[in-house]
Amino acid sequence: MLKRLPFYIILCGLIGLLNYFVTTNLLFSIVISLIGIVIFTFILDKMVATFLIRERKSKEAILFINNFIITLSINCSILSTFNTIEESFSPQLKNQIRLIDNLEVEEKIKYLEKYFMVSSYDVFLNLLDQYIYNGGDILKISQLLLFDIRQLEEKIENHNQIIIKKMMEFIILWIMIFAIVIIMKFSLADYFVKIASLNYFKYGMAIFFVSFYLNISLFIAHATNLNFIKSNKKIVNENKRKRKNVKVKRKDRKM
């Protein structure tokens, strides 16, 4: 969030300045800027952070599964395969591996199910167990899984391309709207000054800029929606139970 916070402050500051330019009301302008900062910091940033983490972990899971299966088909050793593909791990995944460095390689692979939380990884573990106990050609066994994760990778990439496209449209639309507001002030001149002195105009402009925040919120809510990525429900439910247990323990301590 710290990296994105300056952007939030600058954007909301510009909105406040624009409101002040139009209405010359300092109090309303400060309030509008503060409302925007609160919305971005405490609501929208959580959506963005969750989206970035889920997207990254999904891509890591796809890369892990694909590299593991292909490498395993060549050297036929789980330990050697894991050591080989470990070099391609992201910094976050490497840190996760360091935390479980004392485990056996098969236990590490199973433990990563909690890290990825992607349903495809659960399928991968089932196929790996089948390979360990029954042998066979891992590539043939995993054909459907490899096809599914490639489709998932394409969906993620398409989703990101759509976000960029829609974001550009959204930015251009609101720049045009703000430009119209600025042009109106200059074109109406003295008449606009009389209008700006009316209370209902100040409240109306405040509602207008708050609606801008609402539009951004709706856009980010849709853009960060990754429901097409199926999560591992077993792991998700387990994490929810852990959170509930932690809350219960905290309440017990307070009592």
Side-chain angles (χ1 to χ4, degrees), residues 1-12 36-68 82 85-101 103 107-125 145-146 148-167 170 213 216-247 250:
M1 187 186 79
L2 293 175
K3 292 181 179 179
R4 294 183 290 272
L5 185 58
F7 171 75
Y8 301 152
I9 294 172
I10 291 170
L11 176 61
C12 296
I37 292 171
V38 169
I39 291 172
F40 276 101
T41 305
F42 297 101
I43 300 174
L44 301 184
D45 190 74
K46 289 182 180 179
M47 294 183 189
V48 174
T50 302
F51 167 78
L52 293 174
I53 291 171
R54 193 175 182 191
E55 182 199 32
R56 173 175 57 78
K57 287 188 176 183
S58 298
K59 287 182 176 180
E60 286 175 342
I62 291 168
L63 185 64
F64 181 94
I65 293 169
N66 190 65
N67 288 351
F68 194 94
F82 189 86
I85 68 169
E86 194 171 3
E87 297 175 1
S88 64
F89 289 174
S90 67
Q92 294 87 349
L93 184 52
K94 285 180 179 177
N95 289 334
Q96 189 69 29
I97 295 298
R98 289 191 192 101
L99 296 175
I100 56 172
D101 203 41
L103 300 178
E107 292 175 332
K108 287 180 182 178
I109 295 169
K110 290 180 180 178
Y111 182 87
L112 288 177
E113 181 183 20
K114 298 179 181 179
Y115 174 80
F116 293 127
M117 290 196 300
V118 179
S119 60
S120 298
Y121 194 80
D122 188 44
V123 176
F124 164 73
L125 290 178
L145 175 60
L146 291 173
D148 287 341
I149 63 172
R150 281 168 191 157
Q151 277 196 322
L152 177 59
E153 188 176 22
E154 288 178 4
K155 285 180 181 179
I156 294 172
E157 292 302 322
N158 290 337
H159 182 77
N160 289 339
Q161 289 175 8
I162 292 171
I163 289 175
I164 294 170
K165 180 182 176 181
K166 295 298 180 181
M167 186 185 297
F170 182 87
Y213 293 140
I216 289 182
S217 301
L218 292 172
F219 176 83
I220 291 177
H222 286 291
T224 57
N225 186 351
L226 290 175
N227 286 339
F228 60 86
I229 301 176
K230 295 180 181 178
S231 299
N232 189 323
K233 293 181 180 179
K234 179 180 70 175
I235 300 299
V236 172
N237 292 334
E238 183 182 329
N239 289 339
K240 286 182 180 178
R241 284 196 298 270
K242 286 180 180 178
R243 292 192 198 102
K244 287 180 181 178
N245 291 336
V246 169
K247 289 180 181 178
R250 286 176 180 173

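As a basis for the values below, the full set of heavy atoms in this structure was taken, side chains included, without hydrogen atoms, waters or symmetry mates.
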Inset, instruction - Examine the side chains of Glu153 and Asn66 and answer whether a donor and an acceptor come within less than 3.5 Å of each other. - result: no
Inset, instruction - Please confirm whether the backbone N or O of Ile149 pairs with a side-chain atom of Ser120, one donor and one acceptor, at under 3.5 Å? - result: no
Legend entry - Closest approach of Cys12 to Gly36 (non-hydrogen atoms, all atoms of both residues): SG-C, 3.2 Å
Legend entry - Rounded distance (nearest 0.5 Å) linking atom CG of Asp122 with atom CD of Glu113: 5.0 Å
Legend entry - Close side-chain approach of Gln92 and Tyr115, heavy atoms under 4.5 Å: yes
Inset, instruction - Report yes if some heavy atom in the side chain of Leu93 is under 4.5 Å from a heavy atom in the side chain of Phe116; otherwise report no. - result: yes
Inset, instruction - Kindly determine whether Leu44 and Met47 satisfy side-chain contact (heavy atoms from CB on, under 4.5 Å), including the steps that lead there. - result: CA-CA 5 Å; Leu44 301 184; Met47 294 183 189; 4.2 Å; yes
Legend entry - Intermediate values then yes/no, side-chain contact (heavy atoms from CB on, under 4.5 Å), Phe89 and Leu63: CA-CA 9 Å; Phe89 289 174; Leu63 185 64; over 6 Å; no
Inset, instruction - May I have the step-by-step check of ring pair (Phe, Tyr, Trp, His ring centres under 6.0 Å) for Phe7 and Phe40, ending in yes or no? - result: CA-CA 10 Å; Phe7 171 75; Phe40 276 101; 7.1 Å; no
Inset, instruction - Determine whether more than 12 heavy atoms belonging to other residues, nucleotides or ligands lie under 6.0 Å from atom NZ of Lys94. - result: yes
Inset, instruction - With rounding to the nearest 0.5 Å, note down the distance linking CD1 in Ile163 to CG in Asn158. - result: 11.0 Å
Inset, instruction - Could you please spell out the steps behind the side-chain contact (heavy atoms from CB on, under 4.5 Å) verdict for Phe82 and Ile97? - result: CA-CA 11 Å; Phe82 189 86; Ile97 295 298; 3.7 Å; yes
Inset, instruction - Carefully, step by step, assess Glu60 and Arg56 under the rule salt bridge (Lys or Arg N to Asp or Glu O under 4.0 Å). - result: CA-CA 6 Å; Glu60 286 175 342; Arg56 173 175 57 78; 3.3 Å; yes
Legend entry - CD1 on Ile65 to CD1 on Ile109, rounded to 0.5 Å: 11.5 Å
Legend entry - pair Ser58-Ile156: side-chain heavy atoms closer than 4.5 Å: yes
Inset, instruction - Please tell me if the side chains of Asp148 and Lys230 come closer than 4.5 Å, counting only heavy atoms from C-beta onward. - result: no
Legend entry - Between CG on residue Leu112 and NZ on residue Lys57, distance to nearest 0.5 Å: 10.5 Å
Inset, instruction - Return yes when atom NZ of Lys108 has more than 12 non-hydrogen atoms of other residues, nucleotides or ligands closer than 6.0 Å, and no otherwise. - result: yes
Legend entry - Shortest non-hydrogen separation from Ile85 to Ser88 and the atoms involved: O-OG, 2.6 Å
Legend entry - Point-to-point distance, once rounded to the nearest 0.5 Å, from NZ of Lys59 to CD1 of Ile229: 9.5 Å
Inset, instruction - Taking atom CZ of Phe170 as the centre, report whether more than 12 heavy atoms of other residues, nucleotides or ligands fall under 6.0 Å from it. - result: yes
Inset, instruction - Taking all heavy atoms of Arg4 and all of Ala49, pick out the closest pair and write down the distance. - result: NH2-CB, 3.8 Å
Legend entry - Residues which pass salt bridge (Lys or Arg N to Asp or Glu O under 4.0 Å) with Glu86, listed by chain and number, not counting sequence neighbours: none
Legend entry - Side chains of Tyr8 and Ile39 in contact at under 4.5 Å (non-hydrogen atoms): no
Inset, instruction - Please work out whether the ring planes of Tyr121 and Phe124 are parallel, tilted or perpendicular, with thresholds of 30° and 60°. - result: tilted
Inset, instruction - Can you label the angle between the His159 ring and the Phe51 ring as parallel, tilted or perpendicular, going by 30° and 60°? - result: tilted
Legend entry - Other residues, nucleotides, ligands: >12 heavy atoms within 6.0 Å of Glu87 CD: no
Inset, instruction - Look up atom CD1 in Ile9 and atom CD1 in Ile37, then write down how far apart they are to the nearest 0.5 Å. - result: 5.5 Å
